[in-house]
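Ligands are counted one by one from 1 in listed order, and the atoms in each one are counted from 1 as well. Hydrogens, waters and symmetry mates are skipped; everything else that's a heavy atom, side chains included, is used. None of the values given here were measured: they were computed from a predicted structure.
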Amino acid sequence: MARYMEVCLSDPKYGYYRRREPIGAAGDFITAPEVSQMFGELIGLWCAVTWYQMGAPERIHLVELGPGRGTLMQDALRAVRGEPEFCSAFSLHLVETGDRLRDAQCQRLAGAEAVWHLSLESVPPGPLLLIANEFFDALPVHQYEMTADGWRERLVTFHDGACRLQLAPLPCALNRPGQPGDVFEHAPARNTYMADIAARLQRHGGAALIIDYGHSEGVNGDTLQAVRTHRAQSIFAEPGLADLTSHVDFEALGRAAPGLSRHGPRRQGEFLRALGIEARAAMLQRSASPDQAKEIDTALHRLLDSRQMGDLFKVLAVTQQDAPVPAGFERYAAVAKAL
Ligand code: SAH
């Protein structure tokens with residue numbers, strides 16, 4: 001399944017990121033930075049505040065994984081313009097495998113001195129501020145299904161021009177509870193990426209902010225989904241033409257970053273409120289037309305409401321162990337301590 005997901009998304013000729021314009025009203029799905037400029041602005045300011053918390057190091061790498069259309073970074077860069085010391089300290093690195101999206105990012109971020117990478121590996125060593133919004137959900141997962149004689153891996157076969165699901169002939173040695181029919185997802189590619197980030201943070205300092213839809217604790221469930229033109233479809237319907245993602249298991253991601261402090265995962269709605277999104281919305285509305293003011297309200301609701309993106313999306317920050325609690329997590333840390 002993981003290989004299927006990887007090929008569907010990233011095949012250099014037939015992969016989704018090569019063939020489709022995924023993000024936006026005319027694409028397949030909308031992400032938080034596309035909902036409102038407030039999202040990227042707050043993340044940009046989060047980076048500046050975290051840099052000050054670190055003691056304002058002279059040089060720092062500002063890295064975004066999977067920057068999509070470049071919207072988040074464009075809004076973030078505009079928001080930090082008022083922090084010239086931060087602006088002269090960071091160098092911008094964008095990690096993107098899709099060349100169509102890379103072109104879109106180039107256009108959006110014209111004027112910014114950015115360096116593009118195919119993976120985190122080529123980003124030079126040094127203190128790091130790393131942002132990943134809806135990046136981890138696109139990295140491939142393996143699926144296992146509970147049967148009468150244990151967990152069996154779900155495989156993908158290809159017959160008569162169609163892909164189908166087939167269970168591995170033998171169960172595997174997976175030691176975890178489950179009822180027959182339960183599905184468990186395991187994402188070594190995500191854990192490896194996280195471990196690479198953790199190793200850099202441990203060595204050079206900094207912080208990573210990971211935002212994605214998913215669950216705080218590893219639970220059983222088939223969350224792999226295909227989306228095309230804002231509609232869900234079978235994952236086998238149009239390989240390479242639909243976006244494939246699965247929910248991020250934040251517990252597993254946290255485990256992949258040993259020796260670091262983890263903050264959250266916190267619900268997106270709570271995190272954005274803690275960063276002051278409502279005050280920012282009110283500020284924008286003061287100079288907006290009545291129609292624009294209504295749009296800002298709608299966007300705010302979409303980002304914060306528990307039935308929309310507010311609860312399903314989680315935010316996890318990781319820092320070195322002795323680093324201060326990052327912005328947006330303070331009250332949460334106090335509550336966690338009191339428990
Ligand atoms: N962060 C953006 C886009 C999310 S979509 C937003 O919030 O709008 C996922 C992004 O991750 C796309 O830019 C996609 O091309 C990129 N991506 C997917 N797999 C990747 C990989 N293995 N390495 C680097 N980028 C990847």
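- Residue pairs that meet the salt bridge (Lys or Arg N to Asp or Glu O under 4.0 Å) test with at least one member in residues 118-133, sequence neighbours left out, do not exist here.
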Using a 3.5 Å cut-off on N/O to N/O, what pairs does ligand 1 make with the protein? A line per pair would be great.
| unit_1 | atom_1 | unit_2 | atom_2 | d |
| --- | --- | --- | --- | --- |
| ligand 1 | 1 (N) | Gly66 | O | 2.7 |
| ligand 1 | 1 (N) | Asn133 | O | 2.7 |
| ligand 1 | 7 (O) | Thr31 | OG1 | 3.4 |
| ligand 1 | 7 (O) | Asn133 | ND2 | 2.7 |
| ligand 1 | 8 (O) | Thr31 | OG1 | 2.5 |
| ligand 1 | 13 (O) | Gly68 | N | 3.1 |
| ligand 1 | 13 (O) | Glu96 | OE1 | 2.6 |
| ligand 1 | 15 (O) | Glu96 | OE1 | 3.4 |
| ligand 1 | 15 (O) | Glu96 | OE2 | 2.4 |

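- Counting only distance, with no hydrogens or angles, the side chain of His230 and the backbone of Gly27 share a donor-acceptor pair below 3.5 Å.
- With sequence neighbours excluded, no residue satisfies salt bridge (charged side-chain N to carboxylate O under 4.0 Å, His left out) with Arg262.
- Ring pair Phe313/Phe271: centre-to-centre distance not below 6.0 Å.
- Using modelled atom types and a 3.5 Å distance limit, the side chains of Ser246 and Arg190 yield a donor-acceptor pair.
- Listed by chain and number, the hydrophobic cluster partners of Tyr144 are Met146, Trp151, Leu174, Phe184, where partners are ILVMFWY side chains within reach of under 4.5 Å, directly or through others.
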